[in-house]
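What follows is one structure encoded as structure tokens, with my remarks underneath.
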Protein chains: 2
Amino acid sequence: MARVVAEREDVLPALAEVFRRHGFEGASIARISQATKLGKGSLYHFFPGGKDEMAEAVLAHVRDWFEVNIFRPLEDEAPQEGIARMFSGVESYFRSGQRICLVGAFALDETRDRFAEAIRAYFGRWVEVLGAALRRSGVAVADADRLAGETVAGIQGAIVLARALQDEERFRAVLETLRGRVSGS
Amino acid sequence: MARVVAEREDVLPALAEVFRRHGFEGASIARISQATKLGKGSLYHFFPGGKDEMAEAVLAHVRDWFEVNIFRPLEDEAPQEGIARMFSGVESYFRSGQRICLVGAFALDETRDRFAEAIRAYFGRWVEVLGAALRRSGVAVADADRLAGETVAGIQGAIVLARALQDEERFRAVLETLRGRVSGS
DNA sequence: ACGTCTTTGTACCGATCGGTAAATCATGTA
DNA sequence: TACATGATTTACCGATCGGTACAAAGACGT
């Protein structure tokens with residue numbers, strides 16, 4: 001009874017990796033079946049809505065992870081600590097740019113329209129909660145939102161750049177610079 | 001005789017749009033045929049190498065545009081002018097984040113491996129040429145490369161963020177901030 | 001008008017696509 | 001042991017995938 005939910009949850013990380021590597025269109029059911037070690041039958045048993053439901057579940061799973069490990073600390077802890085936790089959390093989560101941001105990737109092509117709400121919620125909350133932390137740390141209200149947007153954009157761009165140049169040091173360098181921006185000025 | 005090349009060139013913008021909207025895997029031959037108004041026969045006549053050759057041609061075409069409109073001005077003009085031209089050029093080229101960066105999108109999923117050289121060359125040259133302009137404008141050698149990377153990453157991230165939030169004002173705001181970074185500090 | 005070379009439309013190929021259906025298997029309970 | 005319920009395997013569906021073959025049509029110099 002609890003096992004059904006548990007097993008579905010257990011598959012989400014592998015499922016997420018397929019979507020990350022191949023994108024929504026490139027993630028074929030055959031590939032998903034292989035990566036999750038679940039046959040087609042089981043797959044459609046756990047996700048009757050097909051690929052769309054799988055992607056939706058993965059997006060929710062990612063969102064949950066960020067909620068617990070990034071967003072909530074930004075809200076609850078002291079600004080400096082929350083922000084420091086965000087940078088280190090992001091760096092290890094994205095494996096220095098070797099692992100991409102699933103939500104960011106979905107935002108780029110036409111699959112964005114299919115999952116518009118989940119994508120908007122993820123980035124909207126990130127910018128909002130980081131902006132609030134910045135305000136609490138003394139950044140002027142007029143600058144906080146702009147600085148939050150610059151930072152989130154910078155992280156997403158760092159992933160693109162690091163993958164393009166195949167240089168994870170570049171990812172760390174950009175994040176280091178961003179870290180200086182939010183604590184310095 | 002010259003017409004053959006000319007027609008192939010004429011199709012590249014429409015071809016690029018298909019890859020932009022659907023990604024490499026999502027850009028089916030049927031969709032490409034429809035967008036370019038070229039039948040399968042003509043398509044494989046102009047691009048005997050199939051989809052891979054089409055994508056390669058599009059990447060080269062994009063590269064050429066940036067070479068002429070962004071990279072070379074950064075090299076040839078005064079640093080401030082070249083940089084200003086870069087920002088305004090990028091803003092109109094990406095249509096305030098409504099149009100994505102094809103090269104950046106390719107860098108994210110597994111199609112990166114297929115076109116690794118073209119992708120690396122594009123971003124490598126961008127960072128390099130922007131870094132050189134920054135050095136000429138007086139930025140310390142130690143900071144120029146880092147600032148260039150931050151800027152290019154910021155632009156890529158701004159596209160992601162603007163599309164995710166469906167807010168082109170956000171794109172302009174991030175670019176405005178980046179503009180201040182490279183001229184200010 | 002002719003022959004040549006480029007361009008196009010169309011039919012077709014095997015493979016794979018996402019998804020369905022139903023039979024079978026495993027498991028826990030009464 | 002008998003039964004119910006959840007989980008899995010397997011075969012199959014029509015549609016579409018990327019790509020090929022080839023003949024008809026068009027363009028063009030002579």
Side-chain angles (χ1 to χ4, degrees), chain A residues 1-59 102 105-106 109-115 118, chain B residues 1-59 102 105-106 109-115 118:
Chain A
M1 153 188 190
R3 265 190 64 237
V4 177
V5 178
E7 295 214 15
R8 197 184 121 130
E9 285 291 312
D10 290 347
V11 159
L12 291 183
L15 200 46
E17 276 308 304
V18 182
F19 282 124
R20 260 188 273 262
R21 271 204 267 275
H22 305 279
F24 181 78
E25 301 234 30
S28 68
I29 298 294
R31 273 203 261 244
I32 290 171
S33 171
Q34 186 182 351
T36 59
K37 286 165 197 155
L38 253 65
K40 267 190 177 188
S42 307
L43 236 27
Y44 279 89
H45 176 70
F46 289 125
F47 306 94
K51 247 173 82 168
D52 280 56
E53 189 177 341
M54 299 179 204
E56 211 86 62
V58 163
L59 285 172
L102 179 68
F106 275 14
D109 59 30
E110 49 111 34
T111 60
R112 182 208 47 179
D113 304 327
R114 221 191 275 239
F115 308 106
Chain B
M1 154 186 195
R3 266 191 62 237
V4 176
V5 177
E7 296 215 13
R8 199 184 120 130
E9 285 291 313
D10 290 348
V11 159
L12 291 183
L15 200 46
E17 275 308 303
V18 181
F19 282 123
R20 259 188 272 264
R21 270 204 266 274
H22 306 279
F24 181 77
E25 302 234 31
S28 67
I29 297 294
R31 272 202 263 243
I32 290 171
S33 171
Q34 186 182 350
T36 59
K37 285 166 196 154
L38 255 76
K40 268 191 176 189
S42 306
L43 235 29
Y44 279 89
H45 176 72
F46 289 124
F47 305 95
K51 246 174 83 168
D52 280 56
E53 190 178 339
M54 298 180 205
E56 212 85 63
V58 163
L59 285 171
L102 179 69
F106 276 14
D109 60 32
E110 49 109 34
T111 61
R112 182 210 44 180
D113 304 326
R114 218 190 277 240
F115 308 106

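Below, each value reflects all heavy atoms present in this structure, side chains not excepted, and no hydrogens, waters or symmetry copies. Computed from a prediction, not measured in an experiment: that's the story for all the values here. Note on naming: letters A, B, ... go to the chains in the order of the sequence lines (proteins, then strands), and numbering restarts at 1 for each one.
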Rounded interatomic separation in angstrom, taking [atom1] from [X] and [atom2] from [N]:
X: B:Gln34; N: D:dC17; atom1: CD; atom2: P; answer: 11 Å
X: A:His22; N: C:dC17; atom1: NE2; atom2: C1'; answer: 15 Å
X: B:Ile29; N: D:dT20; atom1: CD1; atom2: P; answer: 10 Å
X: B:Leu43; N: D:dG18; atom1: CG; atom2: C1'; answer: 11 Å
X: B:Glu7; N: D:dA27; atom1: CD; atom2: C1'; answer: 11 Å
X: B:Arg8; N: C:dT8; atom1: CZ; atom2: P; answer: 14 Å
X: B:Leu38; N: C:dT8; atom1: CG; atom2: C1'; answer: 9 Å
X: A:Ile32; N: C:dC17; atom1: CD1; atom2: C1'; answer: 12 Å

Can you tell me which nucleotide in [options] comes closest to the side chain of [X]?
X: A:Ala30; options: C:dG19, D:dT20, C:dC17; result: C:dC17
X: A:Ser42; options: C:dT20, C:dT7, D:dT8; result: D:dT8
X: A:His45; options: C:dT8, C:dG18, D:dT8; result: D:dT8
X: A:Lys51; options: D:dT20, C:dG19, D:dT8; result: C:dG19

Identify the two heavy atoms, one from B:His22 and one from A:Asp109, that lie closest to each other, and give their separation to 0.1 Å. C-CB, 4.4 Å
Of all heavy-atom pairs between B:Leu102 and B:Ala16, which one has the smallest distance, and what is that distance?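 The pair with the smallest heavy-atom distance is CD1-O, 4.4 Å.
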If you look at every strand shown and take non-hydrogen atoms under 4.0 Å, does [X] touch a base, only sugar-phosphate, or nothing?
X: A:Gly50; value: sugar-phosphate
X: B:Gly41; value: base
X: A:Ser28; value: sugar-phosphate

Any donor-acceptor pair under 3.5 Å from B:Thr111 side chain to B:Arg114 backbone: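 Here the side-chain-to-backbone pair does not exist.
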Do the rings of A:Phe106 and A:Phe115 sit parallel, tilted or perpendicular, given the 30° and 60° boundaries? parallel
Under 4.5 Å between any side-chain heavy atoms of A:Phe19 and A:Leu59, yes or no? no
